[in-house]
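The structure under discussion appears below in the form of structure tokens.
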Number of protein chains: 2
Amino acid sequence: MEMTKAIVKENPRIEEIKELLEVAESREGLLTIFARCTVYYEGRAKSELGEGDRIIIIKPDGSFLIHQKKKREPVNWQPPGSKVKMEGNSLISIRRNPKETLKVDIIEAYAAVLFMAEDYEELTLTGSEAEMAELIFQNPNVIEEGFKPMFREKPIKHGIVDVLGVDREGNIVVLELKRRRADLHAVSQLKRYVDALKEEHGNKVRGILVAPSLTEGAKKLLEKLGLEFRKLEPPKKGKKKSSKQRTLDFFNPY
Amino acid sequence: MEMTKAIVKENPRIEEIKELLEVAESREGLLTIFARCTVYYEGRAKSELGEGDRIIIIKPDGSFLIHQKKKREPVNWQPPGSKVKMEGNSLISIRRNPKETLKVDIIEAYAAVLFMAEDYEELTLTGSEAEMAELIFQNPNVIEEGFKPMFREKPIKHGIVDVLGVDREGNIVVLELKRRRADLHAVSQLKRYVDALKEEHGNKVRGILVAPSLTEGAKKLLEKLGLEFRKLEPPKKGKKKSSKQRTLDFFNPY
DNA sequence: CTCTTAATGTCGCTA
DNA sequence: TAGCGACGTTAAGAG
């Protein structure tokens with residue numbers, strides 16, 4: 001027997017929203033409210049948002065999102081673990097540590113949807129920095145002939161190095177991996193690791209920034225600091241056992 | 001005369017979703033779909049998400065969000081400027097530069113809401129790093145007696161410095177501001193600026209990390225590098241002309 | 001808890 | 001458009 005997955009209310013009264021919220025909490029449902037509202041937030045920072053129409057999403061893990069009609073980012077939010085309640089016409093979500101309060105005054109609700117979502121799938125993603133590291137451990141020659149990677153995510157004096165290894169001359173080699181074009185920050189990060197290792201092991205330390213490309217500024221700083229660059233694209237794994245890398249073109253004819 | 005703000009369809013057929021999408025596009029509406037679906041993405045990275053119930057939001061600026069029932073972040077998305085279309089049972093959103101494709105196969109739609117949101121308000125936020133800088137320019141003594149801030153967001157050799165000034169001894173002083181607890185990354189950043197300025201102006205350069213607090217690792221590195229720390233909280237402006245800083249307690253009785 | 005870092009980061013600003 | 005850095009960054013992983 002299938003239960004109703006979505007309970008929809010048009011122009012719900014406040015009492016109906018309150019009921020939906022209670023059911024959402026007890027049954028692990030997603031509550032979405034389409035409403036005219038104002039928003040107040042105080043916590044790490046403090047904000048106000050005047051009257052307007054927004055989408056409010058309350059998730060069973062405590063996540064609370066308020067979306068305006070532009071941008072990818074919610075205009076206000078509360079992270080997972082927050083506790084929500086209704087008080088008069090207001091939705092109030094509170095987080096502890098850090099203490100943060102979000103208050104949404106509902107002026108008019110146009111619709112509300114309680115969604116009993118069933119979802120047991122997790123995203124599988126490829127093309128990450130972690131996969132660049134795997135590639136390097138499987139085939140160290142992509143860095144250079146004779147390179148031997150030894151450690152992954154190795155804590156050193158001031159930070160955690162992506163890959164630590166030795167070259168054919170016996171120098172210590174630090175790799176800093178970036179899945180996208182590397183910038184000044186990446187160079188500073190690598191410099192910090194190289195300095196820390198030089199302090200412990202003397203000057204036989206090389207630093208290599210491994211990325212698909214470099215910004216102009218990063219290139220200049222890298223050269224000045226005597227650090228190196230190896231071009232490497234993050235690998236995107238195909239689905240299956242095809243010898244050639246399959247792209248998603250099979251579903252994307254554009 | 002008021003138009004309907006929200007058009008709600010329960011268990012919509014694919015054709016109805018297609019119609020809603022067209023109206024949403026022509027009338028700048030927000031379309032939200034509650035559906036069982038699978039998701040494919042390829043662009044900067046590549047991902048797959050198996051069958052499950054999710055909330056899909058398509059905004060008039062091209063933003064495209066897919067939310068699972070946990071976390072603040074969408075599991076998949078497309079940023080503003082993307083173009084969406086419907087093809088068979090699939091929603092396809094395409095971005096150019098970088099080229100990215102998102103494909104959502106709709107297996108079953110439980111509800112769809114077309115929301116003609118009117119919203120002319122923007123968020124006002126206080127407690128930012130920018131306000132820390134303002135505070136320092138208005139009252140340089142929060143850094144130290146005799147400090148004179150000269151430049152804000154000043155481009156130097158390898159980056160852009162938050163605040164550049166001179167102390168009472170005539171030393172050049174670089175401030176790196178952080179609105180929250182400063183970490184190793186912040187120290188490396190400051191070090192980069194100090195090194196660049198020392199190269200141009202000799203050794204009479206001081207670097208000061210200005211933040212509410214420091215991580216342990218940041219403290220150790222800062223000291224080793226001969227850099228300094230000044231404790232400063234980002235100011236949270238009150239609403240009005242009250243002499244005492246008003247908090248949001250007036251609406252938050254907890 | 002704190003620390004450290006990646007991220008399809010996103011967003012805003014500027015040359 | 002690319003570069004640079006903030007963000008109420010969030011999220012994951014380790015200690």
Side-chain angles (χ1 to χ4, degrees), chain A residues 41-47 63 70-80 95 97-102 123 125-130 132-133 153-156 158-162 176-186 188-189 192-193 213-221 234 236, chain B residues 41-47 63 70-80 82 95 97-102 123 125-130 132-133 153 155-156 158-162 176-186 188-189 192-193 213-221 234 236:
Chain A
Y41 153 76
E42 181 161 10
R44 287 167 292 175
K46 177 177 167 181
S47 73
S63 304
K70 294 181 178 192
K71 302 295 175 194
R72 201 209 79 142
E73 291 301 300
V75 62
N76 281 111
W77 71 91
Q78 207 66 291
R95 172 195 198 182
N97 206 312
K99 171 119 202 238
E100 297 194 288
T101 306
L102 184 67
L123 192 74
L125 186 133
T126 182
S128 64
E129 182 193 286
M132 291 177 73
E153 302 277 307
K154 177 89 170 103
I156 61 168
H158 300 292
I160 303 163
V161 150
D162 276 341
E176 173 56 34
L177 314 183
K178 289 294 167 203
R179 65 168 306 288
R180 61 171 189 175
R181 177 175 273 246
D183 57 13
L184 285 175
H185 279 79
S188 291
Q189 198 180 349
R192 164 155 52 92
Y193 303 147
S213 63
L214 281 178
T215 66
E216 269 308 305
K219 185 164 182 285
K220 281 202 297 194
L221 181 57
K236 288 182 199 169
Chain B
Y41 153 77
E42 181 162 10
R44 288 167 291 177
K46 177 177 168 181
S47 73
S63 305
K70 295 182 177 192
K71 302 292 176 195
R72 203 209 76 144
E73 291 301 303
V75 63
N76 281 111
W77 71 91
Q78 206 67 293
S82 309
R95 172 195 197 181
N97 204 330
K99 171 118 203 239
E100 296 195 289
T101 306
L102 185 67
L123 192 75
L125 185 135
T126 182
S128 63
E129 182 193 287
M132 291 177 74
E153 301 277 308
I156 61 168
H158 300 292
I160 302 164
V161 148
D162 275 341
E176 174 56 35
L177 314 183
K178 290 294 167 203
R179 66 167 305 289
R180 61 171 190 176
R181 178 177 270 249
D183 57 14
L184 284 175
H185 194 158
S188 290
Q189 199 181 345
R192 166 154 52 91
Y193 302 147
S213 62
L214 281 178
T215 66
E216 269 308 304
K219 185 164 182 284
K220 281 203 298 193
L221 181 57
K236 289 182 199 168

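Computed from a predicted model, the values in this text were never measured in an experiment. Residue numbers begin at 1 in each chain, while the letters A, B, ... track the order of the sequences.
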Exercise. What pairs with A/H185 under ring pair (Phe, Tyr, Trp, His ring centres under 6.0 Å), at least two apart in sequence or on another chain?
Worked result: B/H185

Exercise. Which nucleotide span of DNA chain C, 5' end to 3' end, has atoms closer than 4.0 Å to non-hydrogen atoms of chain B?
Worked result: C/dC3 to C/dC11

Exercise. D/dG3 C1' sits how many Å from B/E153 CD, rounded?
Worked result: 13 Å

For this session: Take the protein atom OH of A/Y41 and the nucleotide atom P of D/dG8, then report the distance between them rounded to whole Å.
Result: 8 Å

Exercise. Quick one: the side chain of A/Q78 and the base of D/dG8, do they pair up donor-acceptor inside 3.5 Å?
Worked result: yes

Exercise. Across the strands shown, which category fits B/E129 at heavy-atom distances under 4.0 angstrom: base, sugar-phosphate, nothing?
Worked result: sugar-phosphate

For this session: Can you sort out the partners of A/T126 under side-chain hydrogen bond (donor to acceptor under 3.5 Å, both in side chains), two or more places apart, ordered by chain and number?
Result: A/E131

Exercise. In whole Å, what is the span from the CG atom of A/L214 to the C1' atom of D/dA2?
Worked result: 14 Å

Exercise. Nearest-Å distance, CG (B/L123) to P (D/dC7)?
Worked result: 13 Å

Problem set entry | Residues that A/T215 engages under side-chain contact (heavy atoms from CB on, under 4.5 Å), provided they are two or more places apart | A/R181, A/D183, A/A218

For this session: Remember a base hit wins even if backbone is also touched, and classify B/R179 as base, sugar-phosphate or nothing at under 4.0 Å, heavy atoms.
Result: sugar-phosphate

For this session: Check the distance between D/dG3's P and B/N97's CG and give it to me in whole angstrom.
Result: 12 Å

For this session: Respond yes when some side-chain nitrogen or oxygen of A/T215 is under 4.0 Å from OP1 or OP2 of D/dC4, and no when none is.
Result: yes

Problem set entry | Any B/Y193 side-chain nitrogen or oxygen under 4.0 Å from OP1 or OP2 of D/dG5 | yes

Exercise. Considering all heavy atoms of both residues, which atom of A/R179 and which atom of A/M132 are nearest to each other, and what is their separation?
Worked result: CA-SD, 3.7 Å

Under 3.5 Å, N/O pairs linking protein and nucleotides 11-14 of chain D:
unit_1 : atom_1 : unit_2 : atom_2 : d
D/dA11 : OP1    : B/R72  : N      : 2.8
D/dA11 : OP1    : B/E73  : N      : 3.3
D/dA12 : OP2    : B/K71  : NZ     : 3.2

Exercise. Contact class for B/G217 vs. all strands (heavy atom < 4.0 Å): base, sugar-phosphate, or nothing?
Worked result: sugar-phosphate

For this session: Identify, with sequence neighbours excluded, every residue that meets salt bridge (charged side-chain N to carboxylate O under 4.0 Å, His left out) alongside A/K219.
Result: A/E223

Exercise. When the nearest nucleotide of DNA chain C is assigned to B/N76 and to B/H185 on a heavy-atom basis, which residue is associated with the more 5' position?
Worked result: B/H185

Problem set entry | Separation between OG of A/S188 and OH of A/Y193, rounded to the nearest 0.5 Å | 11.0 Å

Problem set entry | P spacing across the pair D/dG5 / C/dT8, given as an integer number of angstrom | 22 Å

Seminar exercise, completed: Hits for side-chain contact (heavy atoms from CB on, under 4.5 Å) against A/P74, two or more places apart or cross-chain, chain-then-number order -> A/L65, A/H67, A/W77, B/R72

Problem set entry | Side-chain-base donor-acceptor pair under 3.5 Å for A/D183 and D/dG5 | no

Exercise. NA contact type, A/G43, heavy-atom cut-off 4.0 Å: base, sugar-phosphate, or nothing?
Worked result: nothing

Seminar exercise, completed: Of A/L177 and A/R180, the one whose closest nucleotide on DNA chain C sits nearer the 5' end is A/L177

For this session: For B/R95, report the nucleic acid contact type (base, sugar-phosphate, nothing); a contact means any heavy atom under 4.0 Å.
Result: nothing

For this session: Identify, with sequence neighbours excluded, every residue that meets side-chain contact (heavy atoms from CB on, under 4.5 Å) alongside B/R95.
Result: B/R44, B/Q78, B/P79, B/S82, B/P98, B/E100

Seminar exercise, completed: Across all chains, not counting sequence neighbours, the side-chain hydrogen bond (donor to acceptor under 3.5 Å, both in side chains) partners of A/D162 are none

For this session: Nearest whole angstrom, please: distance from the P of D/dA6 to the CG of B/L125.
Result: 16 Å

For this session: Could you measure between the two P atoms, the one in D/dC4 and the one in D/dG8, and give it in whole Å?
Result: 23 Å

Seminar exercise, completed: In short, B/P234 meets B/G127 closest at the heavy-atom pair CB-O, 3.4 Å

Exercise. Mapping A/E216 and B/Q189 to their closest nucleotides on DNA chain D, which lands nearer the 5' end?
Worked result: A/E216

